[in-house]
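Computed from a predicted structure; not experimentally measured. In what follows, every chain begins at residue 1, and chains take the letters A, B, ... in the order their sequences are listed.
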Amino acid sequence: MLKNAEIKIYNTFTQRKEVLQPIEPGRIRIYVCGITTYDYSHLGHGRMLVAFDVVVRYLRARGFEVTYVRNITDIDDKILNRARENGELFSDLTARFIDAMHEDEQALAILPPDIEPRATEHISEIIAMIEKLIENENAYRAGNGDVYFEVESFPAYGKLSRKNLEDLLAGARVEVGELKRDPRDFALWKAAADGEVGWDSPWGYGRPGWHIECSAMSTNCLGEHFDIHGGGSDLMFPHHENEIAQSEAASGHKFANIWMHNGPLRVDDEKMSKSLGNFFTVREVLKNYDAEVVRYLLVASHYRSPINYSEHNLKQAAASLERLYSALKDIDTSGVKSLVNGRFEKAFYAAMDDDFNTAEGIKVLFDLAREINRRKSDDPEQASQLAELLVRLGDILGILQAPPEQFLQGSVQADVDPEYIESLIKQRQQARADKDWGRADAIRDELTRLNVVVEDSPEGSTWRIER
RNA sequence: GGCUGGAUGGCAGAGUGGUCAUGCAGCGGACUGCAACUCCGUUAACGCCGGUUCGAUUCCGACUCCAGCCUCCA
């Protein structure tokens with residue numbers, strides 16, 4: 001790949017794009033907040049997973065050795081509540097939804113992270129970090145066995161989400177029977193009763209609070225100081241703010257160099273959420289739309305922008321992908337010599353170097369497609385090389401990896417029998433040979449009824465699904 | 001109310017101080033038995049008001065509107 005990669009990334013922390021400067025030359029360590037597994041992944045999760053999948057794919061394409069850690073939070077109040085409602089073990093619940101998440105990931109062509117730590121497998125590290133925080137006088141035990149982080153003891157608190165401590169105090173809810181010294185303090189460890197899910201600790205039986213697991217797992221997997229920390233923008237406060245407080249209070253130095261936050265997924269211009277009833281799980285969506293079309297939709301906008309989920313936008317995504325795949329159709333790229341460092345590749349890298357501008361990168365893919373179409377007939381060798389490049393660049397975005405015919409002829413929206421289609425096409429070919437245009441058109445009408453479009457060319461007739 | 005981000009052609013969505021985004025849709029042409037695909041050409045935009053400038057959609061300021069976070073959330 002190109003040498004001297006200079007990649008700019010928007011750092012939420014500094015509110016500006018910064019040149020990525022690895023702590024260790026040639027190597028990037030990245031931690032992304034994954035999913036709390038108490039239900040099926042929704043499309044907002046899918047967006048996050050795809051966004052950081054592209055980040056990692058691109059960094060690798062640019063020659064970095066990447067260690068990608070994405071955690072699973074498998075112990076949490078929501079999990080325990082859901083398990084109780086279902087009358088099942090919390091570990092059975094999380095096992096089921098972790099499997100489901102992996103299936104969804106695979107469907108969306110999301111590469112697995114290098115390390116996928118689970119909170120329940122890092123309880124001892126969590127306890128060790130809490131002990132350290134108590135020792136450093138950043139945390140205290142409450143009378144009931146809870147342990148809280150003392151926000152006042154960490155003056156930089158609020159620097160990521162730009163909140164000042166006074167405002168937080170004014171806005172904090174004070175609950176009855178409050179065990180905290182200060183309403184802004186948050187739980188590191190929650191005491192549990194016998195019979196509830198928990199682990200033994202120096203403060204008695206209990207379980208970790210919500211934020212500490214990410215501090216413990218990231219530190220354990222990547223060290224106390226690493227390159228990139230990512231997650232959804234809705235995690236900025238309080239989750240990431242608390243992570244910074246915990247991690248930096250424990251280690252005494254900087255936590256992550258760059259903070260990346262992906263934008264929200266909206267439905268009808270509102271954030272997708274259960275309370276609004278506009279909630280889509282990944283698997284529901286994949287019943288009605290091809291996974292690659294969904295992925296294209298997620299990748300066609302910049303990762304920090306909101307994406308509006310709608311049937312209309314999915315249709316447009318399908319049309320765009322059809323154009324790209326049409327360019328690849330009938331081209332054999334096997335054994336083709338790779339075009340390296342040409343203008344298209346440079347333009348693509350320039351776009352992606354600028355804070356992973358996938359929308360600008362996709363423009364280059366369309367430029368490539370047009371060039372391929374121009375050359376298809378008179379310069380097939382050049383067309384093949386360009387097609388190989390198109391597929392290679394598509395891979396960085398996680399698209400265009402299927403055989404073109406497979407994409408163009410298969411679709412979850414139209415379940416057709418290829419043999420039947422082929423037989424109709426043959427009959428139509430005969431009718432055309434006989435110049436029986438009426439019959440040829442009647443057959444095409446029948447195909448249209450089946451959502452099939454026929455395309456005639458000097459080499460014969462091909463077909464595709466009308467999405 | 002505080003903090004962030006946004007407002008681009010019919011739709012989606014990038015970007016730039018003065019010459020093309022791109023895709024879909026539209027229009028004209030080529031190709032086609034007719035189509036489709038494809039190619040060539042083409043229409044069309046930068047919320048509002050000021051300022052800086054020879055020139056602003058792009059920089060600065062005010063305003064309006066929208067979204068997210070401030071409580072569990074990717």
Side-chain angles (χ1 to χ4, degrees), chain A residues 10 12 15 32-36 38-39 41-52 70 76-78 81 158 160-164 166-168 170-173 210 230-239 241 261-266 269-275 279 296-297 300-302 304-308 310 312-324 326-327 329-330 351 354 357-367 369-370 372-377 408 431-432 435-438 440-441 444-445 447-448 452-458 461-464 466:
Chain A
Y10 183 85
T12 313
Q15 295 178 292
V32 173
C33 287
I35 292 173
T36 301
Y38 70 104
D39 207 338
S41 303
H42 61 242
L43 209 52
H45 293 125
R47 204 239 162 128
M48 174 273 289
L49 296 168
V50 167
F52 288 102
R70 196 189 60 220
D76 156 272
D77 285 356
K78 289 190 295 295
N81 291 339
L160 173 69
S161 53
R162 265 156 271 278
K163 302 195 182 301
N164 68 60
E166 287 71 38
D167 289 350
L168 285 169
R173 294 186 309 187
W210 173 34
S233 52
D234 48 354
L235 290 185
M236 208 154 94
F237 187 90
H239 185 59
E241 198 68 71
H261 290 97
N262 63 274
L265 190 97
R266 292 185 191 164
D269 282 322
E270 284 182 300
K271 186 180 154 173
M272 185 167 81
S273 80
K274 284 187 173 173
S275 55
F279 185 85
Y296 182 93
L297 177 71
S301 301
H302 187 86
R304 285 189 280 119
S305 304
I307 292 178
N308 204 33
S310 70
H312 177 247
N313 288 350
L314 280 165
K315 285 217 158 69
Q316 291 211 352
S320 300
L321 261 186
E322 269 172 24
R323 175 161 169 82
L324 294 173
S326 296
K329 205 173 81 151
D330 304 323
D354 185 11
N357 193 338
T358 51
E360 188 74 14
I362 283 176
K363 165 203 171 343
V364 178
L365 265 35
F366 283 107
D367 291 344
R370 169 164 285 116
I372 291 167
N373 287 329
R374 279 179 187 145
R375 306 210 180 196
K376 245 176 184 172
S377 52
L408 295 168
R432 293 182 71 220
K435 299 208 189 299
D436 184 351
W437 308 127
D441 289 346
R444 184 162 57 202
D445 289 344
L447 288 164
T448 303
V452 172
V453 181
V454 201
E455 294 173 355
D456 300 330
S457 78
S461 298
T462 59
W463 60 277
R464 64 182 167 85
E466 176 75 43

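- Listed nucleotides B:rA14, B:rC72, B:rC40 differ in distance to A:Lys78; the shortest reach to its side chain belongs to B:rC72.
- Residue side chain A:Glu360 does not reach the base of B:rG15 through any donor-acceptor N/O pair under 3.5 Å, judged by distance alone.
- Here B:rA67 presents its C1' atom at 13 Å from CZ of A:Arg47, a figure rounded to the nearest Å.
- Within the structure, every side-chain polar atom (N or O) of A:Asn262 is placed at least 4.0 Å from both OP1 and OP2 of B:rA74.
- As rounded to whole Å, 13 Å separates atom P of B:rA74 from atom CZ of A:Phe52.
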When you look at A:Asn164 and A:Asp167, which way does the side-chain hydrogen bond (donor to acceptor under 3.5 Å, both in side chains) test go after all the steps?
CA-CA 6 Å; A:Asn164 68 60; A:Asp167 289 350; 3.0 Å; yes
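- Comparing B:rA74, B:rC37, B:rG23 by their nearest atom to the side chain of A:Glu455 picks out B:rC37.
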Using a cut-off of 4.0 Å between protein heavy atoms and nucleotide atoms, how would you tag nucleotides 1-7 of chain B 5' to 3' with B, S and -?
-BSSS--
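- Listed candidates were B:rA74, B:rC69, B:rC39. Nearest to the side chain of A:Phe237 is B:rC69.
- B:rC39: Watson-Crick or G-U partner is B:rG29, with both key distances under 3.5 Å.
- Residue contacts shown for A:Gly46 are absent, as no nucleic acid heavy atom lies under 4.0 Å away.
- Ion pairing of A:Glu322 with A:Lys329 is absent here, as no side-chain N (NZ or NE/NH1/NH2) approaches a carboxylate O to less than 4.0 Å.
- B:rG55: no Watson-Crick or G-U partner with both key distances under 3.5 Å is found in any strand.
- Within the structure, a side-chain polar atom (N or O) of A:Arg323 is placed less than 4.0 Å from OP1 or OP2 of B:rU38.
- Of the nucleotides present, B:rU22 is the one that pairs with B:rA12 by Watson-Crick or G-U wobble criteria, both distances under 3.5 Å.
- By the 6.0 Å and 45° rule, A:Arg70 does not stack over the aromatic ring of A:Phe52.
- Considering only the side chain of A:Phe366, B:rG23 comes nearest among B:rA36, B:rC69, B:rG23.
- Between the side chain of A:Arg444 and the base of B:rA35 there is at least one donor-acceptor pair of N/O atoms closer than 3.5 Å.
- Under a 4.0 Å N-O distance rule, the pair A:Lys271/A:Asp234 qualifies as a salt bridge.
- Residue A:Trp463 contributes atom CH2, which lies 17 Å from atom P of B:rC37 at whole-angstrom precision.
- Looking at the side chain of A:Asp441, the nearest of the listed nucleotides B:rC34, B:rC37, B:rA74 is B:rC34.
- Within 4.0 Å (heavy atoms only), A:Leu265 reaches at least one base atom of the nucleic acid.
- Residue A:Asn373 has its side chain nearest to B:rC39 when only B:rC39, B:rC70, B:rC37 are considered.
- Residue A:Lys315 has no polar side-chain atom (N or O) positioned under 4.0 Å from OP1 or OP2 of B:rC11.
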Given side-chain hydrogen bond (donor to acceptor under 3.5 Å, both in side chains), test A:Ser461 with A:Asp456 step by step and report yes or no.
CA-CA 4 Å; A:Ser461 298; A:Asp456 300 330; 2.7 Å; yes
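- At least one side-chain nitrogen or oxygen of A:Ser305 sits closer than 4.0 Å to the OP1 or OP2 atom of B:rA14.
- The pair A:Asp367-A:Arg370 does not meet the salt-bridge criterion, since no charged nitrogen lies less than 4.0 angstrom from a carboxylate oxygen.
- Between A:Arg370 and B:rC40 there is a side-chain polar atom (N or O) within less than 4.0 angstrom of OP1 or OP2.
- A:Val454 comes within 4.0 angstrom of a base, heavy atoms only.
- Note on A:Gly231: only backbone sugar-phosphate atoms sit closer than 4.0 angstrom, heavy atoms only; bases stay farther off.
- The shortest distance between the side-chain N/O atoms of A:Asn357 and the OP1/OP2 oxygens of B:rG15 is below 4.0 Å.
- In this entry the distance linking CE of A:Met48 with C1' of B:rA74 reads 5 Å, nearest Å.
- For A:Asp456 against B:rC34, a side-chain N or O and a base N or O form a donor-acceptor pair under 3.5 Å.
- Base pairing analysis places B:rC3 opposite B:rG68; the two distances defining the Watson-Crick or G-U wobble pair are each below 3.5 Å.
- Put simply, the side chain of A:His312 and the base of B:rA12 share no donor and acceptor less than 3.5 Å apart.
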